[in-house]
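The block underneath contains the structure these notes are about, expressed in structure tokens.
Keep in mind that the numbers below use all heavy atoms, side chains included, and drop hydrogens, waters and symmetry copies. So you know, we letter chains A, B, ... as the sequences are listed, proteins then strands, and number each from 1. On a predicted model such as this, the values are computed, not experimentally measured, just so you know.
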Protein chains: 2
Amino acid sequence: MATRTAAERRLEAKADYDAYLASCPSRQLLATLSDKWVTLVVCALGERDHRYSELSTRLAGVSQKMLTQTLRSLERDGLVDRAVTASVPPRVDYSLTALGRSLLDPIQHVKAWAELNMPAVDQARARYDRVSA
Amino acid sequence: MATRTAAERRLEAKADYDAYLASCPSRQLLATLSDKWVTLVVCALGERDHRYSELSTRLAGVSQKMLTQTLRSLERDGLVDRAVTASVPPRVDYSLTALGRSLLDPIQHVKAWAELNMPAVDQARARYDRVSA
DNA sequence: CTGGATCCTCCATGATACTG
DNA sequence: CAGTATCATGGAGGATCCAG
């Protein structure tokens with residue numbers, strides 16, 4: 001017991017890390033927003049409302065699990081509204097809440113930046129790769 | 001060979017997914033930006049230049065590996081500049097490039113959104129958890 | 001001080017099967 | 001149609017050691 005085990009040190013470090021996060025609560029939310037599917041879903045719903053299957057098609061490559069998981073998370077955070085129509089077959093429509101729409105603007109700026117600067121980044125990468133090759 | 005194997009279907013789906021990405025190149029860059037450490041590093045360097053060890057301290061909880069990996073990625077993408085001072089002990093300063101600074105504004109808007117709406121999201125979560133409990 | 005290299009763990013994610 | 005449940009795994013990411 002004289003020295004700490006790796007597990008103990010890990011826990012301790014984690015506690016420090018959490019404390020750091022606690023002092024800046026937005027970090028957690030930022031981490032949530034820093035999710036591939038979150039960005040795509042919010043952008044898609046920003047264009048228009050989507051049914052589950054529409055989102056599934058739109059975000060080609062997303063698994064059911066991740067789509068559902070992402071939607072649940074966004075619904076829980078109050079960014080997305082889930083409207084169930086009890087019919088046969090069942091129908092579920094997703095839309096942005098007012099809070100979700102307020103996120104749309106900032107997120108689209110980042111998206112716009114990515115689109116605008118993709119060429120510059122590509123050049124930078126080519127340059128970097130050429131030098132270190 | 002009449003039917004596709006799971007592996008083949010997976011490949012095919014992946015190809016479709018890549019094609020989708022290709023039609024919207026910014027997706028890849030967006031994915032890069034949608035990284036926890038990327039956001040934190042850019043924000044930190046947006047405030048002021050940092051040495052490697054300063055970043056390591058600032059982003060409490062980040063491992064050497066992830067910090068280095070993130071910095072290399074940002075350097076390669078032309079967002080961050082790496083200035084080595086050949087001395088003993090060695091000193092490496094990181095700063096944002098012009099391109100990196102241009103990203104700062106959009107990213108900080110998202111950050112500001114997160115800070116502003118953290119309470120609303122918290123309330124939404126509490127409500128959601130209460131109902132489904 | 002600033003990392004490079006290595007090993008290893010575990011979790012996010014995908015595949016698959018099943019249901020109201 | 002819109003999921004849920006379960007299992008499997010690849011790779012992100014952390015721990016550790018070492019070097020310039």
Self-check item: With sequence neighbours excluded, residues passing side chain to side chain contact (heavy atoms under 4.5 Å, CB included) with Q69(A)
Solution: K65(A), M66(A)

Quiz item: Where along residues 67-83 of chain A does a heavy atom fall under 4.0 Å from DNA chain D?
Solution: T68(A), R72(A), R82(A)

Practice problem: Take the protein atom CE of M66(B) and the nucleotide atom C1' of dA12(D), then report the distance between them rounded to whole Å. | Solution: 7 Å

Quiz item: Quick one: is S56(A) getting a side-chain N or O under 4.0 Å of the dA2(D) phosphate, OP1 or OP2?
Solution: no

Quiz item: Taking the side chain of Q64(B) as its heavy atoms from C-beta onward, which of dC17(D), dG14(C), dG14(D) lies nearest to it?
Solution: dC17(D)

Quiz item: Nearest heavy-atom pair of L99(A) and G78(A): which atoms, and what distance?
Solution: CB-O, 3.6 Å

Quiz item: Do T85(B) and V92(B) come within less than 4.5 Å of each other through their side chains, counting heavy atoms only?
Solution: no

Quiz item: Residues two or more places apart in sequence or in another chain: which of them pass side chain to side chain contact (heavy atoms under 4.5 Å, CB included) with D105(A)?
Solution: H109(A)

Quiz prompt | Residue list, side chain to side chain contact (heavy atoms under 4.5 Å, CB included) with L71(B), at least two apart or on another chain | solution = V41(B), Y52(B), L55(B), L67(B), Y94(B)

Quiz item: Between atom CG of N117(A) and atom CG of L33(B), what is the distance when rounded to the nearest 0.5 Å?
Solution: 9.5 Å

Quiz item: Hey, can you pull the residues of residues 84-95 of chain B with a non-hydrogen atom under 4.0 angstrom from DNA chain C?
Solution: P89(B), P90(B), V92(B), Y94(B)

Exercise. Can you tell me the distance, in whole Å, between the NE2 atom of H50(B) and the C1' atom of dC1(C)?
Key: 16 Å

Quiz item: Do you know which two heavy atoms are closest between S34(B) and T39(A), and how far apart they sit?
Solution: OG-OG1, 3.7 Å

Practice problem: Take the C1' atoms of the five end pairs on each side of the helix from dC1(C)-dG20(D) to dG20(C)-dC1(D), derive the two axes, and give their angle rounded to 10 degrees. | Solution: 50°

Practice problem: Look up atom CZ in R48(A) and atom CG in L96(A), then write down how far apart they are to the nearest 0.5 Å. | Solution: 12.5 Å

Quiz item: Quick check: does any side chain N or O of D77(B) sit under 3.5 Å from a backbone N or O of L79(B), one acting as donor and the other as acceptor?
Solution: no

Quiz item: Under a 4.0 Å N-O cut-off, is there an ion pair linking E47(B) with R58(B)?
Solution: yes

Practice problem: Take atom CG of D35(B) and atom P of dG13(D), then tell me their distance rounded to the nearest Å. | Solution: 6 Å

Practice problem: Find the distance L59(A):CG to dT13(C):P and express it as a whole number of Å. | Solution: 14 Å

Quiz item: Just how far, in rounded Å, is P of dA15(C) from NZ of K65(A)?
Solution: 11 Å

Quiz item: Would you call D93(B)-R82(B) a salt bridge at under 4.0 Å N-O?
Solution: no

Quiz prompt | N or O in side chain of S53(A) less than 4.0 angstrom from dA2(D) OP1/OP2 | solution = yes

Quiz item: How long is the line joining NZ of K36(A) and P of dG11(D), in whole Å?
Solution: 13 Å

